[in-house]
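Comments concern the structure below.
Because the structure is a prediction, the values reported are computed rather than measured. Lettering of chains follows the sequences in order, A, B, ..., and the numbering in each one begins at 1.
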Amino acid sequence: VNVLNTCLFYFFAVLAVASAILMVTRRSAMHAAIFLVNTLLASAGIFVLLQAEFVFIVQVFLYAGGIAVLFVFAIMLANSAAAPRVMRLGRQQVVAVALATILAAQIVFAIVVGRTSLRLPAMEAAISARNTEAVGDALFHPFIVPFGIAAVLLLVATIGAVLMAKRGRDAFD
Amino acid sequence: MLSIEHYLILSVALFTIGVLGVLTRRNVIIMLMSIELILNAVNINLAAFSRLHGAVDGQVFSIFVMAAAAAEAVVGLGIVLGLFRNRETVLADEMDLLKW
């Protein structure tokens with residue numbers, strides 16, 4: 001089980017990172033959206049390896065299903081032929097790559113310094129059937145207030161999206 | 001044998017690529033996608049630590065992160081569509097109405 005786990009981890013990790021790099025570097029926004037879906041599905045596999053089955057299914061439904069479709073619709077509505085697909089940011093790209101490298105080096109340094117043989121507990125052979133139950137219990141008992149706030153946030157976001165996307169003169173004048 | 005550093009390093013890689021996307025791309029929609037990538041990297045971290053501690057709290061928090069990400073994507077894309085309708089562009093450096 002451990003060898004299989006390790007193989008699956010490297011498979012999903014390489015898939016996620018490669019798709020993410022392609023997402024950032026492809027010129028066409030539609031290709032970027034497809035690689036984003038690929039990355040999100042690969043990290044859904046990582047969630048299964050971490051025995052977070054409920055997060056996995058939410059990731060597949062909400063991210064790879066819902067948000068990705070939203071992005072594709074936005075690209076098709078907004079990314080007309082008028083938008084040039086040339087990336088002309090010479091100096092800024094160099095600075096950005098340098099900054100991102102420094103950021104990654106800092107975080108990796110922190111991880112290397114802070115590691116105190118944090119080994120994950122051994123993986124059980126069978127997927128536990130009680131993960132969703134545990135998440136539901138935690139969501140409704142200790143985290144009921146943040147849960148309510150998240151519900152209000154989603155309501156406000158829905159109203160805001162309807163208002164933003166509304167056609168007509170009164171929306172933006 | 002996998003340790004938690006594997007997951008943390010994967011998360012760092014995805015996070016950095018997301019930051020790179022926000023910094024280098026001009027298309028606002030791809031910038032929003034990169035932000036989704038950053039939040040997804042954070043979710044991997046949360047799930048890994050949740051497994052390390054044997055508690056489910058990290059997974060609950062990653063569900064809250066997903067709700068916030070969904071709200072952000074919806075409102076952000078609504079703004080982008082409204083902006084495209086008024087200014088005919090989705091490129092960040094052409095949205096310079098407030099520039100000095």
Side-chain angles (χ1 to χ4, degrees), chain A residues 2 5-6 9 13 16-17 20-21 23-24 29 32-33 36 39-40 43 46-47 50-52 54-55 58 62 67 70-71 74-75 77-79 82-83 87 89 93 96-97 99-100 103-104 107-108 111 115 118-121 134-135 138-139 143 146 150 153-154 157 160-161 164-165 171-172, chain B residues 1-10 12-21 23-27 29-30 32-34 36-37 40 43-44 47-48 50-52 54 56-57 59-60 62-64 66-71 73-75 77-82 84-86 88-91:
Chain A
N2 265 330
N5 254 345
T6 311
F9 172 80
V17 173
I21 290 173
M23 184 202 106
V24 170
L36 175 71
T39 309
L40 295 176
S43 39
I46 297 286
F47 287 138
L50 286 166
Q51 294 185 328
F54 186 68
V55 181
V58 171
L62 193 109
I67 293 183
L70 203 66
F71 273 111
I75 290 166
L77 284 175
N79 210 13
M87 299 200 288
L89 289 173
Q93 259 173 353
V97 170
L99 282 178
L103 178 68
I107 304 175
V108 170
I111 290 171
R115 65 189 289 173
L118 296 172
R119 198 158 282 281
L120 289 179
V135 170
L139 212 49
F143 294 105
L153 174 74
L154 288 175
M164 294 287 179
F172 264 93
Chain B
M1 185 66 192
L2 289 171
S3 62
I4 193 166
E5 286 98 8
H6 288 80
Y7 294 98
L8 296 186
I9 297 291
L10 168 67
V12 170
L14 290 179
F15 183 88
T16 313
I17 295 168
V19 170
L20 202 58
L23 289 179
T24 53
R25 298 307 298 255
R26 294 164 65 217
N27 191 330
I29 297 177
I30 297 184
L32 281 173
M33 283 186 207
S34 304
E36 298 295 323
L37 197 62
N40 190 56
N43 278 345
I44 291 176
S50 159
R51 172 131 170 74
L52 178 75
V56 86
D57 298 9
Q59 296 176 29
V60 172
S62 74
I63 288 169
F64 289 139
M66 282 181 186
V74 166
V75 176
L77 289 175
I79 292 173
V80 171
L81 286 185
F84 181 75
R85 210 172 292 135
N86 280 15
E88 295 288 320
T89 181
V90 289
L91 300 182

Using non-hydrogen atoms only, which part of [X] is less than 4.5 Å away from chain A: side chain, backbone, both, or neither?
X        : result
Ile17(B) : both
Ser34(B) : both
Leu8(B)  : both
Leu77(B) : side chain
Val74(B) : both
Ala13(B) : side chain

Smallest separation among heavy atoms of [X] and [Y], with atom names:
X        : Y         : value
Val24(A) : Arg25(B)  : O-NH1, 2.6 Å
Thr16(B) : Ala100(A) : CG2-O, 3.2 Å
Leu81(B) : Ala78(A)  : CD2-CB, 3.7 Å

Between [options], which residue shows the highest count of heavy-atom pairs closer than 4.5 Å to chain B?
options                                 : result
Ser43(A), Ala138(A), Ala150(A)          : Ser43(A)
Val108(A), Val58(A), Leu40(A), Val55(A) : Val55(A)
Leu99(A), Ile67(A), Leu62(A)            : Ile67(A)

I want to check something: taking the side chain as every heavy atom from C-beta on, are Phe54(A) and Val60(B) in contact at a cut-off of under 4.5 Å? no

Any side-chain heavy atom of Leu32(B) within less than 4.5 Å of one from Phe71(A)? yes

Drop me the distance from Phe15(B)'s CZ to Ile107(A)'s CD1, to the nearest 0.5 angstrom. 5.5 Å

Look up atom CG in Asn43(B) and atom CD1 in Ile46(A), then write down how far apart they are to the nearest 0.5 Å. 13.0 Å

Note: vs chain A, highest number of non-hydrogen pairs under 4.5 angstrom among Ile9(B), Val75(B), Leu20(B) is Leu20(B)

Go through it in stages, so that I can follow the logic: the residues are Leu77(A) and Phe84(B), the test is side chain to side chain contact (heavy atoms under 4.5 Å, CB included), and I'd like the CA-CA distance, side-chain angles, deciding distance and then a yes or no. CA-CA 9 Å; Leu77(A) 284 175; Phe84(B) 181 75; over 6 Å; no

